[in-house]
Amino acid sequence: MRPKWKNTCSLSVKKSMFPNSSNLGRPPFLPKHQQQTNFFHELPLTIPPTLLSQQQIVDARFNFQNAALSRALLSGNLSTTPAVSAQPLTYGNGSPVPTSAAPTLFRGRKRLSEQNVPYDVKRQRFHSPHCESTVVNQTVPLPEERRYSFPGSIPSPLFHAHYIPDLSGCVPPLRDAPFPDPIETTLPVAKDKLSQQVLELFQACQQQTCDLNRKELCRTELQKEIQRIFPQSRLFLVGSSLNGFGTRSSDGDLCLVVKEEPVNQKTEARHILSLVQKLFCTKLSSYIERPQLIRAKVPIVKFRDKVSCVEFDLNVNNVVGIRNTFLLRTYAYIENRVRPLVLVIKKWASFHDINDASRGTLSSYSLVLMVLHYLQTLPEPILPSLQKNYPESFNPTMQLHLVHQAPRTVPPYLSKNGSTLGELLVGFFKYYATEFDWSRQMISVREAKAIPRPDGIEWRNKFICVEEPFDGTNTARAVHEKQKFDIIKDEFLKSWQRLRDKRDLNCILPVRPTTQKR
């Protein structure tokens, strides 16, 4: 049976699973021995131009004539700032940034019925009625030419490559050459109705290359502007946009790294973000909409890019997000059942209003870790512990400029478990509805098993404990009300019972409306 829904982009599953490292939302880092007193440095002039990505070419030599702007912003005095006009942001056709005179409308993807929710809610949406026509057609590669930009790259004649079929299904190695052979991702065979529904939903909703290109272009533009304030900073695209579990409606997560040392999130990070917010409100107001500083445990600036119509969250020096992005991406591609299962469960949680940490339920990151944990704990595991099997590749102290290279030696995981996607989906709900001990156990992907809860204060009086694989914190700490916890448990139980009896995805997640929302 063929999928019933189509995207504006091709639904081909021929995707580069771990494309050229320099094009993956990763600004160029130099090895420590090439650095002098600064964490970041200019690119070495000996690199042949043909080996530079668009990101590396952009701002490889920073223009320090904008020092006056930097000093003015750092001092908080914008009145003395010289007029600096940002270059028009374009999408391949040379047209300037389109701005709409129409008022922006709140979409509220997580809670569509609550139009009066304050802005400092984790996943609000602001929608311009003219946004769709501004970007999509220009960024979609032409199918007939069979030319594909690597995810995260900007369409350019230098960065087109042909797809060469390769059914190995592993995470391809990262290479220094600009033209690595992309690897075709094979999807599991659907042998039953439920598995077919899971597969079709995944194909309809998975993030497309053009979606990632739009986020990457915004990242590139913002990095140029932020470097006017912090010349040696770098801006990383992280989270679901790069970890393999993104959907067409996924937000963009950005990490601004300003120095090698840790940053105090309560003081220094908030001050840096206030300067970034001020820049967005003034010099970049033509294409950055309603930047808002959210003073959370890890403070962020939320904003919307008018050109790509994407919501972004920007943090400062939360480098664990860079590390776990590449860890999750490796898990996503070493076994071909992982990504479809994770995407459907994320859609299910969103539909049942239990996928919003700002409202006391589960974050998408916690949900992904829960799925990985379940697949690790089956009698015949489908996933291993990558941190145990490849400790040198996922060392939490590894320098940032090496993190993206970590999965190059990780082969595909060959599991003896032949369960279908449908069987795994039912088993996932059964595990958390009837088997996992919420009161005594902690979910640990690092250990590939459920482990006893720690005695630390962070774990006390918490209803759900999900260990962050690198820093050991609780990613599900937002679930702090028993009422919300009971709702989450009830959704797991009801969904397991319905799927067990009917074996139809529509009984827990209406498929057609979900694919229309993407």
Should L187 and F202 be marked as a side chain to side chain contact (heavy atoms under 4.5 Å, CB included) after you check the CA-CA gap, both sets of side-chain angles, and the distance that decides it? CA-CA 10 Å; L187 291 178; F202 169 71; 3.6 Å; yes
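- In terms of heavy-atom proximity, G239 sits nearest to D253 at CA-OD2, 4.2 Å.
- A 4.5 Å side-chain heavy-atom check between Y374 and L424 finds at least one atom pair inside the cut-off.
- D490 meets the side-chain contact (heavy atoms from CB on, under 4.5 Å) test with K494; sequence neighbours excluded.
- For R337, the salt bridge (charged side-chain N to carboxylate O under 4.0 Å, His left out) criterion is met by E335, not counting sequence neighbours.
- Taking 4.5 Å as the limit, some side-chain heavy atom of E491 sits within range of a side-chain heavy atom of W348.
- Going from atom OG of S495 over to atom CG of L499 covers 6.5 Å, rounded to the nearest 0.5 Å.
- The two residues L386 and I334 make their nearest non-hydrogen contact at CD2-CD1, 3.9 Å.
- A distance-only check finds a donor-acceptor pair linking the side chain of H352 to the backbone of I508 [under 3.5 Å].
- Minimum heavy-atom separation, V479 to F463: O-CD1, 3.7 Å.
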Before you tell me yes or no, could you show the steps for T247 and L343 under side chain to side chain contact (heavy atoms under 4.5 Å, CB included), namely the whole-Å CA-CA distance, both residues' side-chain angles and the distance that decides it to 0.1 Å? CA-CA 7 Å; T247 66; L343 185 143; 3.6 Å; yes
I'd like to know whether I288 forms a side chain to side chain contact (heavy atoms under 4.5 Å, CB included) with K306, so could you lay out the CA-CA distance, the side-chain angles of the two residues, the decisive distance to 0.1 Å, and finally the verdict. CA-CA 6 Å; I288 297 299; K306 296 179 184 179; over 6 Å; no
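- Under the side-chain contact (heavy atoms from CB on, under 4.5 Å) criterion, T325 pairs with V238, L242, N243, not counting sequence neighbours.
- Every side-chain hydrogen bond (donor to acceptor under 3.5 Å, both in side chains) that E468 has, sequence neighbours left out, goes to N324, Y365.
- With a 4.5 Å cut-off on side-chain heavy atoms, D504 and L194 do not count as touching.
- Atom NZ of residue K215 and atom CG of residue D305 lie 11.5 Å apart, to the nearest 0.5 angstrom.
- By the 6.0 Å contact criterion, NZ on K430 is open, its count of non-hydrogen atoms from other residues, nucleotides or ligands being 12 or less.
- Annotation: side chain of K224 is in contact with side chain of E221 (closest heavy-atom distance under 4.5 Å).
- Using a 4.5 Å cut-off on side-chain heavy atoms (C-beta onward), I464 and N474 make no contact.
- To the nearest 0.5 Å, the span separating CD on Q387 from OG1 on T330 amounts to 10.0 Å.
- The backbone N or O of G422 lies less than 3.5 Å from no partner atom in the side chain of K193, so there is not a single donor-acceptor pair.
- Residues L378 and L383 have side chains not in contact (no heavy-atom distance under 4.5 Å, counting atoms from C-beta outward).
- Ion pairing between a basic and an acidic side chain is recognised when a charged N comes within 4.0 Å of a carboxylate O; R498 and D501 show no such pairing.
- Residues passing the side-chain hydrogen bond (donor to acceptor under 3.5 Å, both in side chains) test with S415, sequence neighbours excluded: none.
- Applying the side-chain contact (heavy atoms from CB on, under 4.5 Å) test to N318 and every residue at least two apart in sequence or in another chain returns V298, N315, V320.
- Summarising the geometry, atom NZ belonging to K283 is positioned 10.0 Å from atom CD belonging to E225; distances are rounded to the nearest 0.5 Å.
- Proximity of V338 to L372: side-chain heavy atoms (C-beta onward) are separated by under 4.5 Å at one or more points.
- The shortest distance between side-chain heavy atoms of L314 and I300 does not fall below 4.5 Å.
- Note that the OG atom of S250 and the CG atom of L212 stand 10.5 Å from one another [nearest 0.5 Å].
- For K346, the side-chain contact (heavy atoms from CB on, under 4.5 Å) partners at least two apart in sequence or on another chain are S240, F245, V342, S364, V368.
- Among residues two or more places apart in sequence or in another chain, the ring-ring contact (aromatic ring centres under 6.0 Å, His included) test is passed with F280 by F303.
- Aromatic rings of Y431 and H373 (six-membered ring for Trp) have centroids within the 6.0 Å cut-off, being under it.
- Here K191 pairs with nothing under the salt bridge (charged side-chain N to carboxylate O under 4.0 Å, His left out) rule; sequence neighbours left out.
- Separating the CG atom in L254 from the CG atom in L235 is a distance of 4.5 Å, to the nearest 0.5 Å.
- The shortest non-hydrogen separation linking N336 to P188 is O-CD, 3.2 Å.
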Check step by step if side chain to side chain contact (heavy atoms under 4.5 Å, CB included) holds for R270 and Q265. CA-CA 7 Å; R270 289 184 182 182; Q265 293 293 323; over 6 Å; no
Please step through side chain to side chain donor-acceptor pair (under 3.5 Å) for the pair R248 and Q206, ending with a clear verdict. CA-CA 6 Å; R248 303 224 60 194; Q206 66 173 321; over 6 Å; no
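- The number of heavy-atom neighbours closer than 6.0 Å to CZ of R295, taken from other residues, nucleotides and ligands shown, is 12 or below.
- The side-chain hydrogen bond (donor to acceptor under 3.5 Å, both in side chains) search around S274 returns none, not counting sequence neighbours.
- When every heavy atom of I272 is checked against every heavy atom of V316, the shortest pair comes out as CG2-CG2, 3.8 Å.
- Of all the heavy atoms in C218 and F312, the pair that sits closest is SG-CE1, 3.7 Å.
- With sequence neighbours excluded, the residues satisfying side-chain hydrogen bond (donor to acceptor under 3.5 Å, both in side chains) with S444 are E467.
- Remark: Y432 engages F428, F436, W438, F492 in a ring-ring contact (aromatic ring centres under 6.0 Å, His included) (not counting sequence neighbours).
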